[in-house]
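Please read the structure below before turning to the comments.
Numbers restart at 1 for each chain; the letters A, B, ... are given by sequence-line order, proteins then strands. Since the model is a prediction, treat every value here as computed from it, not as a measurement.
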There are 2 protein chains.
Amino acid sequence: MHLNIKEPMTRNAQNTFQGIERAAIRLFYENGYYGTTVADITEAAGVAAGTFYLYFPSKLVLYQHILITLSKDIRSEIARRVKGATTRYEKERLGIKAFIEYARERPEIYNIIWESLHIDRRLFKEYYTSFSERYVKGLDKAAETGEIRPLDTEIVSFILMGITNFVALKVIMDLGSNNHNIDRIVDVVMDLLECGLFEPDRKN
Amino acid sequence: MHLNIKEPMTRNAQNTFQGIERAAIRLFYENGYYGTTVADITEAAGVAAGTFYLYFPSKLVLYQHILITLSKDIRSEIARRVKGATTRYEKERLGIKAFIEYARERPEIYNIIWESLHIDRRLFKEYYTSFSERYVKGLDKAAETGEIRPLDTEIVSFILMGITNFVALKVIMDLGSNNHNIDRIVDVVMDLLECGLFEPDRKN
DNA sequence: TCATAATATGAATGGATATTCACATAGTAT
DNA sequence: ATACTATGTGAATATCCATTCATATTATGA
């Protein structure tokens, strides 16, 4: 997908470009895509309205550009934090923790990605589909070596994405209580992934 | 919260009112809140633009009204379908299945509730908080009787909401494959909730 | 039948806002 | 110094859209 974005050529122009990007990320987060005007963005970036269109052909393209950039960011950051782990168990723990912490540190990303469902459905689907695909690859490997039980890994990938996304939601929107101790939350998730929810002798 | 909605007094007016509601639900689903104009709604409902304001003081209030109505619908429907179950295990299975099937039958609801994050953050928080609270009550009871393992039920409620929401997302947006056999999907979820993800002897 | 309230109309209003454009400046190579 | 390109400006434009309002129709009870 080519977005027709004009890359800045000079150092000063790079500052302008990045200023627009950063202002937009903050404003899209605070007020949403529709609650943010191009004038808001240029004002926050300290440039004139027309400057915006030197680089981006439209507000929508800027949004798409930001979404794609942030998607890559979050993925590479999680990959980075998971790298050290040797077992699937440890990978899962680190991955879940990384996602929650990242979402807390940069709630913009979380929010902007979710909003894509209502702005550009194709990008939304692409994001979760490819996230799932990468997840499945890891889970399949772990299934081959017998680290995880033989389950449909595609479904499991959505289960795990759902868990991390909703637990992160709880933390960053402060729903309910006890949202400060992330390690404790991760412990509960891992406990459930280890032993399940039900008492072994009371399953039905 | 009072929304200042004018209830219709006559039978004809009730038709008008419901026509507006229904058209709005469909359009908010298809094109989102911001992609839907009041003119779109009134045209789809077959009434004049001004008629809208006989009943709703603003487009936002209509949205809030719809959100609250649909929240109640989905909750009562799930409660209804879960009623028969005696064990927590069965309650969980029926609840998850009911949610996925309901989301598939009426994807409007699912979509409209999610969009509230970017339209009325308070309603969004309220929805998930109260959904969680009700969930916690059931889980706490099950913990008392020893049906489920002793875990932080508030965190577990978000884990379970995350699982059902994302699995439903997969089904209704047809992400990945095998989205037709809901029973099979529910089986995988219940299997994971029963036995966990990892092989017992390979946990780390 | 008449009076009154409820319901319905759709053109007009006013404000917002994405985008354009004619013009201005800054940097750079020759 | 000159010419050229990249960058920047902000007022003007044109469209869109929520909401209002003067007016019309319909239903109901006396």
Side-chain angles (χ1 to χ4, degrees), chain A residues 3-28 30-67 112 115-116 118-120, chain B residues 3-28 30-67 112 115-116 118-120:
Chain A
L3 295 177
N4 265 47
I5 289 171
K6 175 81 189 306
E7 299 283 337
M9 312 291 287
T10 71
R11 173 170 297 260
N12 278 348
Q14 264 165 36
N15 283 337
T16 305
F17 187 91
Q18 284 179 7
I20 291 171
E21 272 181 319
R22 277 197 250 278
I25 289 171
R26 181 170 62 79
L27 290 166
F28 284 160
E30 285 173 8
N31 307 320
Y33 177 79
Y34 295 101
T36 302
T37 69
V38 174
D40 291 339
I41 295 168
T42 52
E43 194 194 355
V47 298
T51 303
F52 182 91
Y53 295 91
L54 287 179
Y55 302 104
F56 304 98
S58 70
K59 181 183 161 190
L60 179 60
V61 166
L62 166 65
Y63 174 83
Q64 293 166 330
H65 164 72
I66 285 174
L67 183 62
I112 290 171
E115 195 172 12
S116 69
H118 306 99
I119 297 166
D120 187 331
Chain B
L3 295 178
N4 265 47
I5 289 171
K6 174 85 189 304
E7 298 284 337
M9 312 291 287
T10 73
R11 170 170 299 258
N12 279 347
Q14 263 164 36
N15 285 336
T16 304
F17 186 91
Q18 285 178 6
I20 292 171
E21 272 181 319
R22 278 197 249 275
I25 288 171
R26 182 171 62 77
L27 290 166
F28 285 159
E30 286 173 7
N31 307 320
Y33 177 79
Y34 295 102
T36 303
T37 69
V38 174
D40 291 338
I41 295 168
T42 52
E43 193 193 355
V47 298
T51 303
F52 182 92
Y53 295 91
L54 287 177
Y55 303 104
F56 305 98
S58 70
K59 182 183 161 188
L60 178 61
V61 165
L62 167 64
Y63 174 83
Q64 292 167 330
H65 164 71
I66 285 174
L67 182 63
I112 290 170
E115 194 172 13
S116 68
H118 306 100
I119 298 165
D120 186 332

Quiz item: Once you build an axis from the first five pairs and another from the last five of the helix from dT1(C)-dA30(D) to dT30(C)-dA1(D), how far apart in angle are they, to 10 degrees?
Solution: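 Answer rounded to 10°: the end axes differ by 0°.
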
Rounded distance (nearest 0.5 Å) linking atom [atom1] of [X] with atom [atom2] of [Y]:
X	Y	atom1	atom2	result
I119(A)	L67(A)	CD1	CG	8.5 Å
E21(A)	R26(A)	CD	CZ	14.5 Å
K59(A)	Q64(A)	NZ	CD	12.5 Å

Quiz item: Relative to each other, are the rings of Y34(B) and Y34(A) parallel, tilted or perpendicular (30° and 60° limits)?
Solution: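 Parallel.
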
Quiz item: Do you know the tightest heavy-atom contact between P57(B) and Y55(B)?
Solution: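 Nearest heavy atoms, P57(B) then Y55(B): CD-O, 4.1 Å.
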
Rounded to whole angstroms, how far apart are [atom1] on [X] and [atom2] on [N]?
X	N	atom1	atom2	value
R11(B)	dT28(D)	CZ	C1'	16 Å
L62(B)	dT19(D)	CG	C1'	14 Å
N15(A)	dA6(D)	CG	C1'	15 Å

Distance-only criterion, 3.5 Å: show the donor-acceptor pairs between side-chain atoms of residues 41-49 of chain B and protein atoms not counting sequence neighbours.
{"from": "T42(B)", "atom 1": "OG1", "to": "V38(B)", "atom 2": "O", "distance (Å)": "3.2"}
{"from": "T42(B)", "atom 1": "OG1", "to": "A39(B)", "atom 2": "O", "distance (Å)": "3.1"}

Self-check item: Side chains of V61(B) and N4(B) in contact at under 4.5 Å (non-hydrogen atoms)
Solution: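 Counting from C-beta outward, V61(B) and N4(B) never come under 4.5 Å.
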
Quiz item: Any side-chain heavy-atom pair from F17(B) and F56(B) closer than 4.5 angstrom?
Solution: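 With C-beta onward as the side chain, the pair touches.
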
Self-check item: Per-nucleotide protein contact string for nucleotides 6-22 of chain C (B base, S sugar-phosphate only, - none; heavy atom under 4.0 Å)
Solution: SSBBB------SSBB--

